[in-house]
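Below is one structure; the comments refer to it alone.
Whatever order the structure lists them in is the order used to number ligands and atoms, beginning at 1. No hydrogens, no waters, no symmetry mates; every other heavy atom, side chains included, goes into these values.
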Amino acid sequence: MRIAIGSDHAGFPMKEIIKEYLRELGHEVMDLGTHSTSSVNYVEFAEAVARAVARGEAERGVLICGTGIGMSIAANKVEGIRAALVHSEYTARMAAMHNDANILTFGGRVESPEEGKRFVKTWLETPFEGGRHLQRLGKIGELEEKCKEG
Ligand code: RB5
C-alpha cells in the first residue's frame with residue numbers, strides 16, 4: 001500500500017519508527033514531515049497527509065502528534081477523510097472494521113513504539129465490514145454535503 005505519514009515535533013520520534021516499520025512490512029511510505037524535533041504546528045502536516053489521501057495520492061495516512069488529538073481534529077476537516085484517534089489494539093481494529101478510517105492518528109507522547117506498531121499493523125490488516133457500517137459512512141458523506149450548504 002502507498003501510505004502518507006506526518007507528524008509534528010512531538011510525534012517526530014514515533015513517526016521515524018513507524019515509517020521504518022511500514023517499510024519493513026512492504027509498504028511504500030510518503031513522508032510529508034516534519035523532519036526534526038523543532039517546534040511546528042501540527043495543522044499543516046495534518047492537512048498535507050489528509051489532502052494526499054483525499055486526492056488518492058496515498059491509499060492511507062498516519063498522523064502522529066503528542067496526543068493524536070490535534071491531528072485527528074485537523075485531518076477530519078478535509079472532505080472525504082475519516083481520521084480515527086486510537087489508543088488500543090481494539091480501537092485500531094474497530095477503526096478499520098466499523099469506520100473504514102483512511103487515516104490513523106495516535107499520540108507519540110502517549111503510546112510506546114511497540115504499541116504504535118501494533119495499532120498500525122492491526123488497522124492495515126483488518127478489513128472493513130461493510131453492510132450497516134457502509135450505510136453509516138454514507139450518512140457522514142451526507143453530513144459533509146449539508147455542512148457545505150450552511
Ligand atoms: C504539542 O505540544 C502538542 O500540543 C501536540 O503535539 C498535540 O498533542 C496536539 O494535539
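Side-chain contact between S72 and L63 is absent, with no heavy atoms from C-beta onward closer than 4.5 Å. Two residues are said to be in side-chain contact when any heavy atoms from C-beta on lie closer than 4.5 Å; F106 and I18 meet this criterion.
Residue I69 has no nitrogen or oxygen atom sitting less than 3.5 Å from a nitrogen or oxygen atom of ligand 1, judged on distance alone. In terms of polar-atom proximity, Y42 is not counted as a contact of ligand 1, lacking any N or O under 3.5 Å from an N or O of the ligand. Where the criterion is an N or O separation shorter than 3.5 Å, residue side chain and backbone included, G68 fails it with respect to ligand 1.
With hydrogens and angles ignored, the 3.5 Å screen pairs no side-chain donor or acceptor of H27 with any backbone N or O of R2.
Contacts between A10 and ligand 1 below 4.0 angstrom, taking non-hydrogen atoms only, involve the side chain exclusively. Of all the heavy atoms of M71, none lies under 4.0 Å from any atom of ligand 1, so neither backbone nor side chain is involved. With a 4.0 Å cut-off on non-hydrogen atoms, T67 touches ligand 1 through its backbone as well as its side chain.
When V120, I5, L124 are each tested for a side chain to side chain contact (heavy atoms under 4.5 Å, CB included) with R60, only one passes: L124.
Take R82 and apply the side chain to side chain donor-acceptor pair (under 3.5 Å) test, not counting sequence neighbours, and it matches D100. Listed by chain and number, the residues in a side chain to side chain donor-acceptor pair (under 3.5 Å) with E79 are K148 (sequence neighbours excluded).
Counting only heavy atoms, the protein never gets under 4.0 Å from atom 4 (O) of ligand 1.
Nearest protein neighbour of atom 6 (O) of ligand 1, counting heavy atoms only, is D8 OD2, 2.5 Å. The protein atom (non-hydrogen) at minimum distance from atom 10 (O) of ligand 1 is G70 N, 2.8 Å. Nearest protein heavy-atom contact of atom 2 (O) of ligand 1 is R109 NH1, 3.4 Å.
Follow the hydrophobic side-chain contacts under 4.5 Å out from V43 and you reach V78 in the same cluster. Tracing side-chain contacts under 4.5 Å through hydrophobic residues (I, L, V, M, F, W, Y), one never reaches I81 starting from W123; they form parts of separate clusters.
Residue-ligand proximity, C65 to ligand 1, at heavy-atom distances under 4.0 Å covers atoms 6 (O), 7 (C), 8 (O), 9 (C), 10 (O). Remark: ligand 1 atoms within the under-4.0 Å shell around heavy atoms of G66 are 5 (C), 6 (O), 7 (C), 8 (O).
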